[in-house]
Amino acid sequence: MSKGVFTMDKENLNIGDIVTGKVNEDLESAFTGTVEKVYENSALVTITDFDAVDKANVSELNNKIVVNLKQLKAAKTK
């Protein structure tokens, strides 16, 4: 995988990883979360940080969302 590609591979994604993602169908802005489960082409993520505009949607989703691996990237750690 080249350095310019940010999407996650199943092999490089582990439970507990911190990721960022964008899911246009459910949330208006990008979010940060923790990987809870890894599936074949997606992951269950607990949303930990999000834009205030998405507060109602995140609440409706019970702070969890299934995201295609192509829509995730590793979060930058501080």
Side-chain angles (χ1 to χ4, degrees):
M1 179 180 280
S2 70
K3 290 183 180 179
V5 177
F6 293 106
T7 58
M8 300 297 298
D9 289 345
K10 182 179 176 185
E11 295 77 27
N12 297 331
L13 191 62
N14 299 297
I15 293 172
D17 284 356
I18 306 297
V19 294
T20 60
K22 178 88 171 86
V23 181
N24 296 327
E25 299 82 19
D26 296 309
L27 303 172
E28 291 185 36
S29 300
F31 63 89
T32 302
T34 305
V35 176
E36 298 294 327
K37 188 166 185 169
V38 180
Y39 303 105
E40 192 63 36
N41 297 307
S42 60
L44 175 64
V45 177
T46 296
I47 301 168
T48 56
D49 189 36
F50 55 92
D51 192 282
V53 72
D54 290 321
K55 184 175 182 178
N57 289 348
V58 170
S59 178
E60 191 174 306
L61 292 166
N62 293 318
N63 291 61
K64 293 188 187 289
I65 192 166
V66 176
V67 185
N68 188 306
L69 297 181
K70 293 178 182 178
Q71 296 174 291
L72 292 176
K73 64 181 180 178
K76 292 183 172 87
T77 55
K78 293 181 180 179

Between [X] and [Y], is there a donor-acceptor pair closer than 3.5 Å when you use the side chain of the first and the backbone of the second?
X     : Y     : value
Asn57 : Asp54 : no
Lys70 : Ser42 : no
Thr34 : Thr46 : no

- Should we count NZ of Lys64 as having more than 12 external heavy atoms under 6.0 Å? yes

Distance (rounded to the nearest 0.5 Å) between [X] [atom1] and [Y] [atom2]:
X     : Y     : atom1 : atom2 : result
Asp51 : Phe31 : CG    : CZ    : 13.0 Å
Thr32 : Leu72 : OG1   : CG    : 10.5 Å
Phe50 : Ile65 : CZ    : CD1   : 12.0 Å
Glu60 : Lys55 : CD    : NZ    : 14.5 Å
Thr48 : Ile18 : OG1   : CD1   : 6.0 Å

- Using a 4.5 Å cut-off on heavy atoms from C-beta on, say whether the side chain of Val58 contacts that of Leu27. yes

- Message: For Lys10 versus Glu40, what's the shortest heavy-atom pair and its separation?
- Response: NZ-OE1, 3.1 Å

- Item | Test side-chain contact (heavy atoms from CB on, under 4.5 Å) applied to Val19 and Leu69, Val67, Leu13, the passing residue | Leu13

